[in-house]
Amino acid sequence: MILVREISKSFGPLKAVQNVSFELPAGQIAGLLGPNGAGKSTTIRMMTGFLTPDKGSISIVGHDIQHQAPQAKALIGYLPESAPIYPEMSVKGYLKHRAKLFCIPGREIGPAIDKAMGITRITEVAKRRVGHLSKGYRQRVGLAAALVHNPQVLILDEPTNGLDPTQIHETRSLIRELSEHRTTLVCSHILPEVERTCDRVIVMAGGQIRADGTPNELIDASTGAIRYIVEIRTNPTAGIEHALRILASIPGVAASKPAPNQPNDASSGWSTIEIESAPAEDDLREAIAACADDHGLFIRELHKLVPTLESLFIQLVDAPAPAQTPQISTQGGDA
Ligand code: ADP
Ligand code: MG
């Protein structure tokens, strides 16, 4: 459906996007997630034909975005990061202007606008000036403008930026509705945005793809360190250091340290310790309990911190850039 093959883009010395490849099957709603400056908007602007890649190719439903630009662009509904809105125009006037840009025949313009306004629920503000609308309504006008030519593909750049919590909730439901019959790519730096709206997450950082899969696949495939929290009776003479040394000696443990945000003063009689496993280690809880027992340490709590998409995201974004291949990819090869 959409094929992005090894695209790169530099701005002077800055490599904004490097060798990015992915494919979106028809009907999928995918999220492009990454911190600010990751290269998401640059990727999307190449996909929508607003920027030319330095190398690589992009195909939109069989049309090359560079060599068959009019056909490819006609299939895409694009909501840019800051939608170009004309504040003096009425909502209807603006949508009419957009419909003409997409060469919709004259007699079809009225019904196309009415349909787009109905779907995005802005019919009641059709005659209002765009500049007088709230940010939430303006965003919906942007979505209506992206939909007016009934595209098969929707590409939305930070669609809930600057909205209040109620507007965010409404916009997310609207995106879900709109994506039901369309291939959709939602680009965001906000994890819950992508986690709640999308079936698949493509994590981008430093211009490269770092992971690609469903949230559960990414968590299952992550081979990063697993952390354990252990609460241990403090040895009154040796203190927490004694327990830290013993626990650090367990095979498979990479580090042990006082758990952050815990009082850990000897006076309470208890110490809370965070243990980090070496990457790809099996569950260490039994080894921790056995070692504590052997050394006369008394444990009153031991639990494994379950990795979340958030912890994985932070780990992926903080990690040094991979040489070539993404760190985690659960997607198949080329179609
Ligand atoms: P994101 O959308 O993930 O926040 P962008 O794709 O907007 O990231 O930007 C990626 C990097 O490219 C950033 O460092 C940004 O400053 C830079 N950049 C983006 N567009 C331009 C441009 N037109 N000229 C120069 N640098 C740019
Ligand atoms: Mg951006």
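Start at 1 and go down the list; that is how both ligands and their atoms are numbered.
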In terms of side-chain heavy atoms, does E124 have a donor or acceptor partner in Y137 at a distance below 3.5 Å?
-> yes
Between N235 and T237, does any side-chain donor sit less than 3.5 Å from a side-chain acceptor?
-> yes
Relative to the heavy atoms of [X], which atoms of ligand 1 are at a distance of less than 4.0 Å?
{"X": "S41", "answer": "1 (P), 2 (O), 6 (O), 7 (O)"}
{"X": "L14", "answer": "11 (C), 12 (O), 14 (O), 17 (C)"}
{"X": "N36", "answer": "4 (O)"}

For a quick test of your reading: what N or O donor-acceptor pairs under 3.5 Å do the side chains of residues 151-162 make, sequence neighbours left out?
unit_1, atom_1, unit_2, atom_2, d
D157, OD1, S41, OG, 3.4
D157, OD2, S41, OG, 2.7
E158, OE1, H189, N, 3.3
E158, OE1, H189, ND1, 2.9
E158, OE2, H189, N, 3.3
E158, OE2, H189, ND1, 3.3
T160, OG1, E193, OE1, 2.7
T160, OG1, E193, OE2, 3.1

Distance to 0.1 Å, residue and atom name: give those for the protein heavy atom nearest to [atom].
{"atom": "atom 27 (C) of ligand 1", "result": "F11 CD1, 3.2 Å"}
{"atom": "atom 4 (O) of ligand 1", "result": "G37 N, 2.7 Å"}
{"atom": "atom 5 (P) of ligand 1", "result": "T42 OG1, 3.6 Å"}
{"atom": "atom 8 (O) of ligand 1", "result": "G39 N, 3.2 Å"}

Would the number of heavy atoms belonging to other residues, nucleotides or ligands and lying under 6.0 Å from NZ of K304 be above 12?
-> yes
Do R121 and E177 meet the salt-bridge criterion of a basic N to acidic O distance under 4.0 Å?
-> yes
Salt bridge present between R176 and D199 (N-O < 4.0 angstrom) | yes
Do any of the N/O/S atoms of S41, backbone or side chain, fall under 2.8 Å from the Mg ion (ligand 2)?
-> yes
Report yes or no: is the cationic atom of R45 (NZ for Lys, CZ for Arg) under 6.0 Å from the centre of the six-membered ring of F50, at an angle within 45° of the ring normal?
-> no
Within the structure, does at least one protein heavy atom fall under 4.0 Å of atom 14 (O) of ligand 1?
-> yes
For ligand 1, note which part of P35 has a heavy atom under 4.0 Å away: side chain, backbone, both or neither.
-> backbone
Which residue pairs pass the ring pair (Phe, Tyr, Trp, His ring centres under 6.0 Å) test with at least one member in residues 148-170, sequence neighbours excluded?
-> F102-H149
Does an N or O anywhere in E81 fall below 3.5 Å from an N or O of ligand 1?
-> no
